[in-house]
Amino acid sequence: MSDIIQLLPDNVANQIAAGEVVQRPASVVKELMENAVDATASHIKVIIKDAGKTLIQVIDNGEGMSPTDARLAFERHATSKIRTADDLFCLNTNGFRGEALASIAAITHTTIKTKQENQELGTQIKIYGGEMISQDVIATAKGTNIEIKNLFFNIPARRNFLKSNAIETRHIIDTFQRVSLSYPKINFSLFHNESEVYKLNEGNLRKRIVAVFGANTNEKLVPIKEDTDILKIDGFITKPKFSKKKRGEQFFFVNNRFIKSAYLNHAVANAYEGLLNHGYHPSYFLYLTVPPNSIDINIHPTKTEVKFDNERDLYAIIRSTIKHSLGQYNVAPILDFERNATFDTPYSFKNKTSKAPTINVDPDFNPFKSNQKATYLKKESSNWQSLYVENKKDISTIQNIEVEAEIIDNKLFDDVSNNEYNTYQIHQKYIASSIKSGIVLIDQNFAHQRILYEEYLAKLTMDGIAGQQLLFPLNILLNISDIKIIRGLRSDLNSAGINISDIKQDSIIIDALPITISESHITSFIEELIENFKNEIPETSLSQIDTIAKCLSRNLAIKPGTTLTNKEQGNILDELFCCKEPNFSPFGRTTFITITMEELEDKFNL
Ligand code: ADP
Ligand code: MG
């Protein structure tokens, strides 16, 4: 048989390579803006027509290029940014592969005008579809003015693949925002079809964020600052009450490069745990600086993923820094419990002397002894300050706990035997009690989930939960993909006291359970756990434990429809407000609401 291998002609090879760098107009915008930044421009203007399909122009006042450099810049692997492989490890430029201009020029009509500061005249080069059309000496301003027309004109298949103008414009705006947020000290402007979309003047980071996202952003921002050996964090997060249904404004920059990281995003979300309503997301603008040799910089130019050496440490630092800031700026809401309890003091006790507030509780007291369905774990008072063991810096929350512990002030009297808080159960679902400002209504199910969740999380991150050998091991049937998930959770489940003795093709055998979980609960727990892991991205032990604690708490919490004695009701109240984040269930549901006296009075004044 004759030989069949042929070398591709240069222009075909270039077009194929170009397709990797340039996926859409926004990719061109990104490369050109980054080149202008690398050229130390202080003013960068981006002009777009028809979502970049007909024109993308970037004008900068940077250092420009000499006539020879201007021509060389369009050769593949032509770069001024690195010379040796070692340079790769101390990069401080956006580009370094020397591919962008060659790629862009291969699939567009490109015209570049450029001039260096000390030159009288500049250079103009035209390259159409990778072919040099002309090089001229021209009069032009200092810096570089590059004009890209008719993207993909010679690859119709790619051109037809472009999305609607609205979508491509959205991508361009995203790109413009990311680059401009990376460099607040540079002036940027964006024009689309002759109208000005953005004009961003140089300033500090806060000013830049406000200029990009609107004046009402300012009050939402909470500054973040942390400096450790392996990670420096700067930037802003938003207060929980300004969280959004969309995930829109979430930005991570690593060494000034925009990146996407589901894993680090999880760390942020985790720090907001309990502060957000179900389905809401915080906005954030976080600038991480890590030693350049601790990340894989050899990433593809169009990709936004980054690989970190010490991902788990970064996760923990980010999470605790944000938690700390949320606490410090007092954005974690605190319920104002009545201090001198006059409103809810039963008449007959009025003249008794009060006892000093105490947070000690009887550790052996089990209010749920008679109600085995509602499994209840008593919180040890020494325990709840260190709920999150990795979170050493979290003093702010400890302060909050002390404030919240003021509820103990309500224990003003001895011998308050049956209902020390004047609680009342409504439709076996809510617990009502009076507080200084009016009434608090607690959802017994969501509140108990929160209590159990913090309890389990503390236990799991510390010594684990002990399991008890079952007389008859349980066989739970599962499908293959579920089995895979369980396999990954086996050791964490074991520290939760749930021992999987065997994993078969379509079932698992459980031979030990913590005493708190009844056998009838275990199947629904395992199913819910699997469901949660299907939607969960990170695979670290930290988040696995978190999910296990969540699912345990949801399965074991007192359900609506359960009658609670006064003691049990009081205990829920007590335990809930000793929680680190009492406002929401671990799944983000509101645990309690308050109705103020004014609101009540209004009802009677209609
Ligand atoms: P890279 O940015 O990876 O080096 P590019 O293909 O984007 O590769 O650019 C090639 C070279 O052209 C750059 O290294 C730089 O020297 C020069 N260059 C590109 N754009 C500009 C610009 N706006 N101003 C000055 N020099 C530029
Ligand atoms: Mg470049």
Side-chain angles (χ1 to χ4, degrees), residues 266 270 273 366 368-369 371-380 383-384 386-390 445 448-559 575 585-587:
H266 193 269
N270 202 299
E273 172 84 55
N366 182 351
F368 289 89
K369 235 179 226 143
N371 185 354
Q372 282 309 322
K373 260 202 291 175
T375 317
Y376 191 84
L377 292 175
K378 194 80 196 124
K379 222 179 261 281
E380 294 133 49
N383 202 345
W384 46 257
S386 50
L387 272 181
Y388 302 88
V389 281
E390 87 277 34
N445 176 241
H448 198 212
Q449 284 184 27
R450 162 57 57 183
I451 295 164
L452 292 180
Y453 166 69
E454 294 200 1
E455 185 76 47
Y456 287 132
L457 200 58
K459 291 221 153 108
L460 284 169
T461 47
M462 290 189 278
D463 329 315
I465 298 170
Q468 256 202 353
Q469 210 64 32
L470 297 173
L471 219 45
F472 304 103
L474 299 166
N475 191 0
I476 298 178
L477 292 176
L478 295 170
N479 67 37
I480 297 174
S481 63
D482 294 351
I483 295 266
K484 228 176 116 191
I485 293 175
I486 290 294
R487 227 181 264 282
L489 293 173
R490 195 173 184 173
S491 73
D492 282 328
L493 281 171
N494 188 267
S495 46
I498 301 165
N499 191 50
I500 299 173
S501 59
D502 198 6
I503 299 186
K504 300 189 173 148
Q505 210 165 16
D506 61 351
S507 66
I508 56 170
I509 310 286
I510 292 177
D511 70 352
L513 286 180
I515 38 167
T516 50
I517 306 185
S518 73
E519 295 182 16
S520 58
H521 273 117
I522 188 70
T523 311
S524 67
F525 164 71
I526 294 285
E527 281 166 3
E528 174 166 359
L529 193 65
I530 290 169
E531 215 34 57
N532 269 280
F533 273 96
K534 281 184 186 155
N535 309 324
E536 192 89 345
I537 317 136
E539 283 167 0
T540 68
S541 211
L542 212 66
S543 74
Q544 290 193 2
I545 283 174
D546 188 66
T547 308
I548 290 173
K550 278 183 183 164
C551 294
L552 276 174
S553 70
R554 180 138 85 185
N555 271 274
L556 301 180
I558 302 163
K559 301 286 180 297
E575 298 286 330
S585 85
F587 291 88

*asked:* Which heavy atom of Pro586 sits nearest to which heavy atom of Lys550, and what is that distance?
replied: O-CE, 3.3 Å
*Please tell me if the side chains of Ile510 and Leu493 come closer than 4.5 Å, counting only heavy atoms from C-beta onward.*
no
_Within 6.0 Å of CD in Gln469, more than 12 heavy atoms from elsewhere_ = yes
*Testing Glu528, Gln449, Glu527, His521 for side chain to side chain donor-acceptor pair (under 3.5 Å) with Asn555, which one passes?*
Glu528
_Return the NE2 to OG distance between His448 and Ser585, rounded to the nearest 0.5 Å._
13.0 Å
*Decide side chain to side chain contact (heavy atoms under 4.5 Å, CB included) for Ile548 and Phe525; before the verdict, give the C-alpha distance in whole Å, the side-chain angles of both, and the deciding distance to 0.1 Å.*
CA-CA 9 Å; Ile548 290 173; Phe525 164 71; 4.2 Å; yes
*Mind listing the closest non-hydrogen atom pair of Glu273 and Arg450 along with its distance?*
OE2-NH2, 4.0 Å
*asked:* Would Ile545 and Leu457 count as a side chain to side chain contact (heavy atoms under 4.5 Å, CB included) here? Give the steps.
replied: CA-CA 7 Å; Ile545 283 174; Leu457 200 58; 4.0 Å; yes
*Apply side chain to side chain contact (heavy atoms under 4.5 Å, CB included) to Thr516 and Leu452, showing your working.*
CA-CA 11 Å; Thr516 50; Leu452 292 180; over 6 Å; no
_Min side-chain heavy-atom separation Gln468-Pro514 under 4.5 Å_ = no
*asked:* Restricting to non-hydrogen atoms, name the atom on Ala512 and the atom on Gly467 that form the minimum distance, rounded to 0.1 Å.
replied: CB-C, 4.5 Å
*Looking at CG of Leu556 and SG of Cys551, how far apart are the two atoms once the value is rounded to the nearest 0.5 Å?*
10.5 Å
*Any idea which heavy atoms bring Asp502 and Arg490 closest together, and the distance?*
N-NH2, 3.8 Å
*Non-hydrogen atoms of Pro473 and Ile509 that approach each other most closely*: CB-CG2, 3.7 Å
*At what distance, to the nearest 0.5 angstrom, does CD of Glu531 lie from OG of Ser524?*
12.5 Å
*Hey, could you give me the CD1/OG distance between Ile517 and Ser520, rounded to the nearest 0.5 Å?*
10.5 Å
*Measure the CD1-CD1 distance between Ile500 and Ile508 for me, rounded to the nearest 0.5 Å.*
4.5 Å
*Steps toward side chain to side chain contact (heavy atoms under 4.5 Å, CB included) verdict (Leu489, Thr547)*: CA-CA 10 Å; Leu489 293 173; Thr547 308; over 6 Å; no
*Shortest non-hydrogen contact from Leu460 to Ser495?*
CD2-O, 3.6 Å
*How many angstroms lie between NZ in Lys559 and CZ in Arg554, if you round to the nearest 0.5 Å?*
9.5 Å
*With side chains defined as the heavy atoms from C-beta onward, is the minimum distance between Tyr453 and Asp546 less than 4.5 Å?*
yes
Would you tabulate the side-chain donor-acceptor contacts of residues 478-488 under 3.5 Å, counting partners in other chains and residues two or more places apart, or write 'none'?
| from | atom 1 | to | atom 2 | distance (Å) |
| --- | --- | --- | --- | --- |
| Asn479 | OD1 | Ser481 | N | 3.2 |
| Asn479 | OD1 | Ser481 | OG | 3.1 |
| Asn479 | OD1 | Asp482 | N | 2.9 |
| Asp482 | OD1 | Lys534 | NZ | 3.3 |

